[in-house]
Amino acid sequence: MRASIIAVVNQKGGAGKTTLAMLLAGSLGDRGKRVLVADADSQTTAVHWAGMGAGFPAVVEDCSAEEGKLHKALRKREADFDYIVIDSPPAAAAPVTASALRIAHLALVPVIPSPLDLWASVRIREAINLARERNPALLARLVVNQMQPNTLLTREVLGMLPQFGIPLMEASLKARIAYRECAALGSSIRNLGSRGALAALEVDALRREVETLLQGR
Ligand SMILES: Nc1ncnc2c1ncn2[C@@H]1O[C@H](COP(=O)(O)OP(=O)(O)OP(=O)(O)O)[C@@H](O)[C@H]1O
Ligand SMILES: [Mg+2]
């Protein structure tokens, strides 16, 4: 079976692409899956994360030089992994984003519940629709990141999401120091032990939902 490929994309900088990609990859790796994180962002934040020393449970490689040829480079790796998670730069129109969306089975779009972030995310919806001309089976989901439940703004923004044209995942990530700690340590969420227990539940729910989405492919 060839790898399931997940592209984490958004036009908006700082929406949580790297955080989502690494938490998901770490959770899959902790469950014994063979995971490659293809860091397609020249900031190489995912590579830095994995290099912090705690022993990240996935292979994390700098693929930023591949640019528009990323899909070709990843085709050669598909047989070696169960999952390939692509972390992309904040650039919907970049050749590397188009290349990631061309090969992906699932596009995940992290969004912070703020109107500014939603406006900026419209470009990624266009990029996903364009990618479907060549990759018609491409699934796409919004993932709410830095969720602050029970605020009026969050409720209003969440109310706007159904009109966005990309379905929303049930799982979401709250704003938590534990996620920043994982980056500082170079680890997955499991490494934080009981300190990260609530965060680990959130990441587990996200992983399970992603696995279910990709089951039928
Ligand atoms: N759920 C969260 N809880 C707490 N901090 C978070 C969360 N998600 C992201 N952050 C923090 O927000 C900042 C931006 O996140 P991240 O680097 O993952 O975004 P990005 O979309 O990859 O950014 P870029 O567009 O620059 O690649 C980082 O400092 C990260 O630690
Ligand atoms: Mg990033």
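As the structure lists them, so they are numbered: ligands from 1, and atoms in each ligand from 1.
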Could you check whether any side-chain N or O of [X] sits under 3.5 Å from a backbone N or O of [Y], counting only pairs where one atom can act as donor and the other as acceptor?
X	Y	answer
Ser99	His71	yes
Asn135	Ala104	yes
Asp39	Val47	yes
Ser88	Val8	yes
Glu209	Glu170	yes
Thr97	Ala91	yes

Give the residues near ligand 1 by chain and number, with the criterion being a heavy-atom distance under 4.0 Å.
Gly13, Gly14, Ala15, Gly16, Lys17, Thr18, Thr19, Asp41, Gln43, Pro90, Asn145, Gln146, Lys174, Ala175, Arg176, Tyr179, Arg180
Taking every heavy atom of Trp49 against every heavy atom of Tyr179, the minimum-distance pair comes out as CH2-O, 4.1 Å
Is it true that the side chains of Ser121 and Asn10 contain a donor and an acceptor less than 3.5 Å apart?
yes
Would you check if Val144 and Leu173 make a side-chain contact, meaning some heavy-atom pair closer than 4.5 Å?
no
Given a cut-off of 2.8 Å, the protein N, O or S atoms lying below it from the Mg ion (ligand 2) are Thr18 OG1
